[in-house]
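Computed from a predicted structure; not experimentally measured. Hydrogens, waters and symmetry mates play no part in the numbers below; they use all other heavy atoms, side chains included.
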Amino acid sequence: MSSSQPPQAAAAPVSGGGTPDARQLRAILITVSIALMAVIASVSGLNVAQTHMAVEWGASQTTVLWIINIYTLALAALLLPLGAIGDRLGRKPMLITGLIIFGAASVVAGLAPSAAVMISARVAAGVSAAMIMPITLAVITSTFPEEERGKAIGVWTGVAGGGGILGMFLSAFLVDVADWRWLFVLPVVLVVVALAMTLKSVPNSLERSTHSFDTIGAWVSTIAVIGLIYVLQEGPERGWTDPVSLISLAVGVVAAIVFVAWELHRREASLLDVRLFRERGLAGGSITLLVVFGVQAGIAVVLFPFFQAVLGWSGLLSTVAMMPMAIMMMMASGLAPKMAAKIGARSTMTVGIALSTLGLALMALFVSVDGGYLSILAGMLAMGIGMGLSMTPSTEAITSSLPRAKQGVASALNDVTREFGTALGVAMLGALLANGYRSAIDDKLGGIPQGAAVTAREGIANAVEVAPSTGSHAQDLIHSAQQSFVDGWQQAMWAGVAVMGVLLIYVALRGPKGSDRATTDEAETTETVTVR
């Protein structure tokens with residue numbers, strides 16, 4: 001950030017006019033981490049119950065995908081507006097309200113008698129998650145003193161990055177040992193604990209502004225996010241040239257352009273000062289998170305079919321196989337602040353991205369049907385460490401680019417970037433894998449009955465399912481499908497290496513230099529107050 005900007009004030013005081021002591025800070029960090037875990041676990045947890053929901057309700061695959069995707073769509077669409085509202089109305093009341101609604105929605109989802117009720121519950125859960133997620137990070141950035149903030153953000157980033165895999169493991173375990181509806185016990189328990197700790201430990205802070213709330217910016221940003229996320233979710237299923245996909249893309253792009261134009265016009269009273277993207281911190285942090293989370297999500301799409309269809313593992317065992325990468329990611333996220341303090345944020349991010357790129361390359365080079373899990377383990381570990389090292393300084397660069405009074409917006413922007421990256425990575429790497437698989441298997445279907453061959457082209461799971469109907473060709477078809485999947489895997493991995501390589505060069509040249517906190521013109525007309 002420019003050295004001409006005045007320094008940001010120290011952490012706002014809590015009850016009695018003093019700053020939080022170590023015990024209070026620890027309680028605050030545990031509280032927001034538990035709340036964040038509830039939200040993150042619900043993003044991925046329901047994936048393990050797709051077949052169960054389809055069978056119980058006679059629901060189509062499209063309906064099941066809507067049950068899963070509507071949560072992410074509602075969450076991403078409302079992050080910015082609700083983050084800004086939390087800044088104004090108070091972060092603690094917003095967090096409490098979000099936790100109550102989220103817990104109630106999870107109970108309804110667990111008891112849902114139909115797909116329609118489940119979808120409604122997931123919408124409510126997504127809306128309330130958008131109230132919770134940005135506030136958890138905003139509480140850290142507005143409460144923790146400068147010397148402790150990096151470590152706390154590292155913990156938050158570790159939970160955000162590895163929590164999805166941990167949540168999926170716990171959900172898969174509950175589905176295997178009990179019933180699929182029991183997977184909603186996890187978020188309910190986390191919400192109850194987080195709510196009790198929030199009431200006791202989290203101080204309230206809010207922004208007092210002389211400007212009116214940017215209602216138009218809030219609505220336009222919501223439309224833009226819905227349009228863009230929707231096309232990324234539905235494009236692979238409907239087709240990228242389908243009229244619905246094209247209309248959604250057009251609406252999202254036009255709304256995004258209108259949002260930027262409106263925010264530039266409104267300037268000091270804007271929802272998000274888009275001029276700050278000219279700064280290295282906000283631009284570099286956002287681009288890094290977009291790409292890193294995109295690659296991470298895309299890798300998950302590739303890994304699970306490999307574990308299940310190629311190695312023949314169960315859903316629970318497949319989730320366990322992902323845990324080493326998640327553990328490395330969470331450990332590296334905690335290490336990143338110390339590393340950034342010694343060698344700088346940009347150097348830490350560069351090392352992390354380089355390791356992530358190396359991990360992708362290792363998986364592309366050594367993955368094989370015969371090599372099994374060990375052929376990809378080294379790549380997974382390198383990716384986990386690399387993502388952890390790059391995500392924490394990226395998150396701090398984003399939150400440091402906006403003033404303390406706008407930390408709900410800064411946190412929401414961080415979360416929106418993650419959601420966009422996730423949707424983009426799943427769509428792009430998933431499509432590359434599918435296309436690579438089809439191209440590879442087309443040359444290996446000689447002698448297979450036409451109907452079975454058509455089914456086998458749809459995906460490796462379809463090939464494994466139809467194989468018994470091909471008689472003596474069954475084993476050959478399964479082996480061909482497995483090898484074709486590996487070929488598609490390598491194509492997707494090398495594409496990821498190329499994208500990460502470009503990111504590596506960008507961050508090495510234009511990454512954030514440090515974590516100087518921004519102060520914009522609106523700082524003169526806002527006041528952050530922290531109370532119990």
Please determine whether the number of non-hydrogen atoms from other residues, nucleotides or ligands lying under 6.0 Å from atom [atom1] of [X] exceeds 12.
X: W182; atom1: CH2; value: no
X: M323; atom1: CE; value: yes
X: F173; atom1: CZ; value: no

For [X] against [Y], the heavy-atom pair lying closest together:
X: A397; Y: G281; result: CB-O, 3.5 Å
X: Y71; Y: V39; result: OH-O, 3.0 Å
X: A38; Y: V191; result: CB-CG2, 4.1 Å
X: S42; Y: F102; result: OG-CZ, 3.4 Å
X: A35; Y: T136; result: CB-CG2, 4.0 Å

Review point. Only one of L78, L82, L75 clears side-chain contact (heavy atoms from CB on, under 4.5 Å) with M131; which?
Key: L82
Review point. Name the one of E396, M391, M387 that satisfies side-chain contact (heavy atoms from CB on, under 4.5 Å) with T157?
Key: M391
Check your understanding: Where does the angle between the aromatic ring planes of W313 and F307 fall among parallel (under 30°), tilted (30 to 60°) and perpendicular (over 60°)?
Key -> parallel
Review point. Which class fits the ring pair F306 and F485: parallel under 30°, tilted 30 to 60°, perpendicular over 60°?
Key: parallel
Practice item. Kindly write out the residues that satisfy salt bridge (charged side-chain N to carboxylate O under 4.0 Å, His left out) with D487, not counting sequence neighbours, or none if the list is empty. Key: K444
Exercise for review: Can you sort out the partners of D476 under salt bridge (charged side-chain N to carboxylate O under 4.0 Å, His left out), two or more places apart, ordered by chain and number?
Suggested key: none
**Study point:** Close side-chain approach of W66 and E234, heavy atoms under 4.5 Å
**Key:** yes
